[in-house]
Every structure is written in C-alpha cells, then in structure tokens.
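What you see is a predicted model; the values in this text were computed from it and never measured.
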Amino acid sequence: SQSFESLVRPYLESGSSGELDLTPAYAATISYARQNLINPKQESLLFVFLLLFLYTVVMGFGYSHWALRRVRGERPGCSGLFDSFWMAGKFILLELLTMLLVGLGLAFFLLPGLYFLYTLRMARYILLDNPELSVFRAMRMSRQMSRGYKRQLFSLDLSFLGWMILSFAAVNLGYNAGANLHPVLGALFAEINFLIFQLYLTPYRELSVAGYYEAVRLSRSGESQN
C-alpha cells in the first residue's frame with residue numbers, strides 16, 4: 001500500500017487536468033509485489049511444508065492402525081504402517097476438520113477446545129475400523145462413543161506429561177552440552193536425545209490410546225448387547 005502510494009503521488013501532484021493514466025504506477029506495483037511478496041523460494045518452502053504435513057498426517061493414521069492391530073494381538077510388522085494409505089483422503093479431511101474445530105474452540109476459551117479434542121479423539125480409530133464410513137459419520141460416532149469417557153482419556157494423556165517434560169529437558173541438556181563445542185554439535189546432540197525418548201514414548205503413547213479405544217469399544221458393545 002505504501003509502495004503504491006509513493007508511485008501514484010507524482011501523478012496526483014502533477015496538477016494535470018483530464019484523464020489520469022495510472023498504468024505505469026500499477027505495473028511498477030505489480031512488479032514490486034512479484035519480487036517481494038511472491039518469492040519463488042518461499043513458494044518452494046511452502047510446497048515442501050505442505051507435502052510434509054500431508055505425509056505426517058497419513059503416517060500418523062498408519063501408526064494408529066498399526067497400534068490398534070498390535071493391541072488386538074496381531075503382528076502387523078513395519079508394513080502395517082502403510083496398509084491404510086489408500087484412505088489418505090479421509091485421513092486428511094478428518095485431521096483438517098478436527099484442527100478447525102479445536103482451533104475455533106481454543107480461540108474462545110480453553111475448555112471448548114479440549115471438549116472438541118476429546119469428542120473427536122476416537123474418530124480416527126472408528127474410521128480405521130470402518131473404512132466405508134464417511135468422515136462426518138465417524139465424527140458423530142466418536143461423539144457418542146466418548147460420552148462419559150472424556151475425563152478418563154484426559155487423565156490418560158496427563159500420564160504422559162512427565163515423560164514429555166523429561167524429553168524436552170534431555171533435548172535442552174543435549175543442546176547445551178554440544179553447543180559449548182559447536183552449534184552444529186548442539187543441534188545434533190539435541191536431536192539424538194529427542195529421538196531416543198521418542199523411540200520409547202511414541203509406541204507407549206500410541207498403544208495406550210489404541211488400547212483405551214479398544215476397551216471403550218468392547219464396553220460399548222457390551223452395553224448394547226445387555
């Protein structure tokens with residue numbers, strides 16, 4: 001806006017009567033925008049970021065599927081991470097809708113955000129168990145399934161808080177130890193410590209949540225049978 005104003009001002013202050021030709025100023029502003037606002041390097045980084053985001057979402061659902069099968073006594077192996085990749089479209093849509101609802105809830109207050117988070121927490125497992133369902137149907141079923149269990153699921157998540165704090169403390173310790181020698185070593189030590197904790201914490205957390213879903217599912221099915 002300031003750039004456009006500075007380019008147009010000479011035409012406005014010229015005092016000329018008649019029709020005003022702003023074509024040169026407009027062309028200069030478009031050129032400025034292309035050079036400073038639409039940076040090809042930024043476009044490339046945005047593209048890579050979107051690809052990583054989509055891959056992370058789909059891979060996260062694959063990991064949840066692996067954990068769910070493991071809880072049920074199967075041995076899916078590493079290939080089990082990719083068995084549900086054909087549902088990538090549904091996974092991405094569910095993740096985006098969940099992020100939207102949780103974000104809107106957090107924008108107003110903490111409790112609405114937490115409500116939406118735990119209301120939709122079971123949707124991914126319901127979708128994995130019932131691939132034929134639509135995303136919206138899985139969300140509605142998750143709302144019904146989580147009724148009366150949100151507080152327990154919140155407590156389950158809190159049980160991992162100590163591990164997460166310890167993980168970040170180890171990352172900070174590794175960075176400080178390595179940074180005294182070289183910044184690159186600091187980043188390397190921090191990453192190594194983070195991976196060590198995640199190699200234990202991620203399966204532990206995923207298997208726990210998948211096991212909780214399985215227990216709730218069996219409990220709900222028992223209630224319907226009775």
Side-chain angles (χ1 to χ4, degrees), residues 49 52-72 76 78 80-81 91-92 94-129 138-139 141-179 186-220:
F49 171 78
L52 289 176
F53 169 76
L54 296 177
Y55 174 78
T56 302
V57 169
V58 178
M59 200 66 189
F61 275 81
Y63 202 89
S64 296
H65 194 199
W66 175 90
L68 188 59
R69 293 175 61 185
R70 192 68 185 87
V71 163
R72 291 170 176 171
C78 294
L81 295 171
F91 296 158
I92 294 170
L94 176 59
E95 187 71 14
L96 291 176
L97 290 174
T98 302
M99 291 172 59
L100 176 63
L101 291 174
V102 173
L104 288 175
L106 292 175
F108 290 99
F109 197 61
L110 178 63
L111 291 181
L114 290 176
Y115 172 82
F116 283 120
L117 176 63
Y118 288 101
T119 295
L120 303 175
R121 190 65 176 275
M122 302 298 184
R124 66 166 52 202
Y125 300 102
I126 293 173
L127 199 59
L128 289 168
D129 268 343
M139 294 170 69
M141 290 180 65
S142 176
R143 178 173 60 85
Q144 297 171 358
M145 189 176 188
S146 61
R147 191 173 297 153
Y149 291 95
K150 297 183 186 69
R151 186 174 300 178
Q152 288 185 2
L153 190 53
F154 178 68
S155 300
L156 176 63
D157 286 339
L158 282 181
S159 69
F160 303 112
L161 183 61
W163 284 105
M164 295 173 64
I165 294 174
L166 190 61
S167 173
F168 284 112
V171 168
N172 188 53
L173 181 63
Y175 177 80
N176 291 332
L188 179 62
F189 289 168
E191 186 68 20
I192 291 174
N193 285 354
F194 179 77
L195 288 176
I196 290 175
F197 271 89
Q198 291 305 309
L199 284 174
Y200 172 76
L201 183 58
T202 301
Y204 175 33
R205 184 175 59 245
E206 285 291 334
L207 288 168
S208 298
V209 177
Y212 188 83
Y213 161 79
E214 183 68 0
V216 173
R217 186 185 68 83
L218 294 175
S219 175
R220 290 293 191 192

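A salt bridge links Arg124 with Glu95: at least one charged nitrogen is closer than 4.0 Å to a carboxylate oxygen.
The ring-ring contact (aromatic ring centres under 6.0 Å, His included) test applied to Phe116 returns no partner, not counting sequence neighbours. A search for salt bridge (Lys or Arg N to Asp or Glu O under 4.0 Å) contacts involving Glu214 returns Arg72, Arg217, not counting sequence neighbours. Residues satisfying the ring-ring contact (aromatic ring centres under 6.0 Å, His included) criterion with Phe168, sequence neighbours excluded, are absent altogether.
The neighbour count for Tyr63 OH, taken as heavy atoms of other residues, nucleotides or ligands under 6.0 Å away, is above 12. Remark: Tyr212 OH is packed, more than 12 non-hydrogen atoms of other residues, nucleotides or ligands lying under 6.0 Å away. Within 6.0 Å of OH in Tyr175 there are 12 or fewer heavy atoms belonging to other residues, nucleotides or ligands. Taking a 6.0 Å sphere around CZ of Phe53, one finds it holds more than 12 heavy atoms contributed by other residues, nucleotides or ligands.
Looking only at side-chain heavy atoms (C-beta outward), Ser64 and Leu128 come within less than 4.5 Å of each other. In this structure, the side chains of Phe197 and Thr202 stay at 4.5 Å or more apart for every pair of heavy atoms. Side-chain contact check for Arg147 versus Arg220: some heavy-atom pair is nearer than 4.5 Å. Looking at heavy atoms from C-beta onward, Leu101 lies in side-chain contact with Met139 at the 4.5 angstrom threshold. Put simply, the side chain of Arg143 does not reach to within 4.5 Å of the side chain of Leu120, judged on heavy atoms. A 4.5 Å side-chain heavy-atom check between Pro76 and Trp66 finds at least one atom pair inside the cut-off. At a threshold of 4.5 Å between non-hydrogen side-chain atoms, the residues Tyr213 and Asp129 count as touching.
Closest approach of Ser208 to Leu156, counting heavy atoms only: O-CD2, 4.1 Å. Looking at every heavy atom in both residues, Ala210 comes nearest to Val71 through CB-CG2, 4.1 Å. Ile126 and Ala138 make their closest contact through CD1-O, 4.0 Å (heavy atoms, listed as atom of the first residue, atom of the second, distance). The two atoms that bring Leu127 and Leu94 nearest to each other are CD2-CD2, 4.2 Å, heavy atoms only. Minimum heavy-atom separation, Gly105 to Pro112: O-CB, 3.7 Å. Residues Leu54 and Ile92 come closest through the heavy atom pair CD2-CD1, 3.6 Å.
Rounding to the nearest 0.5 angstrom, the gap separating the CG atom in Leu199 from the CZ atom in Phe194 is 10.0 Å. Rounding to the nearest 0.5 Å places CG of Leu106 at 6.5 Å from CG of Leu114. The CG atom of Leu111 sits 12.5 Å away from the OH atom of Tyr115 when rounded to the nearest 0.5 Å.
Under the 3.5 Å distance criterion, the side-chain polar atoms of Ser167 are left unmatched by any main-chain donor or acceptor of Trp163.
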Practice problem: Begin with the C-alpha distance, continue with both residues' side-chain angles, and end with the deciding distance and a verdict on side-chain contact (heavy atoms from CB on, under 4.5 Å) for Asp157 and Arg121. | Solution: CA-CA 11 Å; Asp157 286 339; Arg121 190 65 176 275; 2.6 Å; yes
Quiz item: What do the steps show when you test Leu153 against Met122 for side-chain contact (heavy atoms from CB on, under 4.5 Å), and what is the final call?
Solution: CA-CA 10 Å; Leu153 190 53; Met122 302 298 184; 4.0 Å; yes
Quiz item: Step by step, would you call Gln198 with Leu201 a side-chain contact (heavy atoms from CB on, under 4.5 Å)?
Solution: CA-CA 5 Å; Gln198 291 305 309; Leu201 183 58; 4.2 Å; yes
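A side-chain N or O of Tyr149 and one of Ser219 form a donor-acceptor pair less than 3.5 Å apart.
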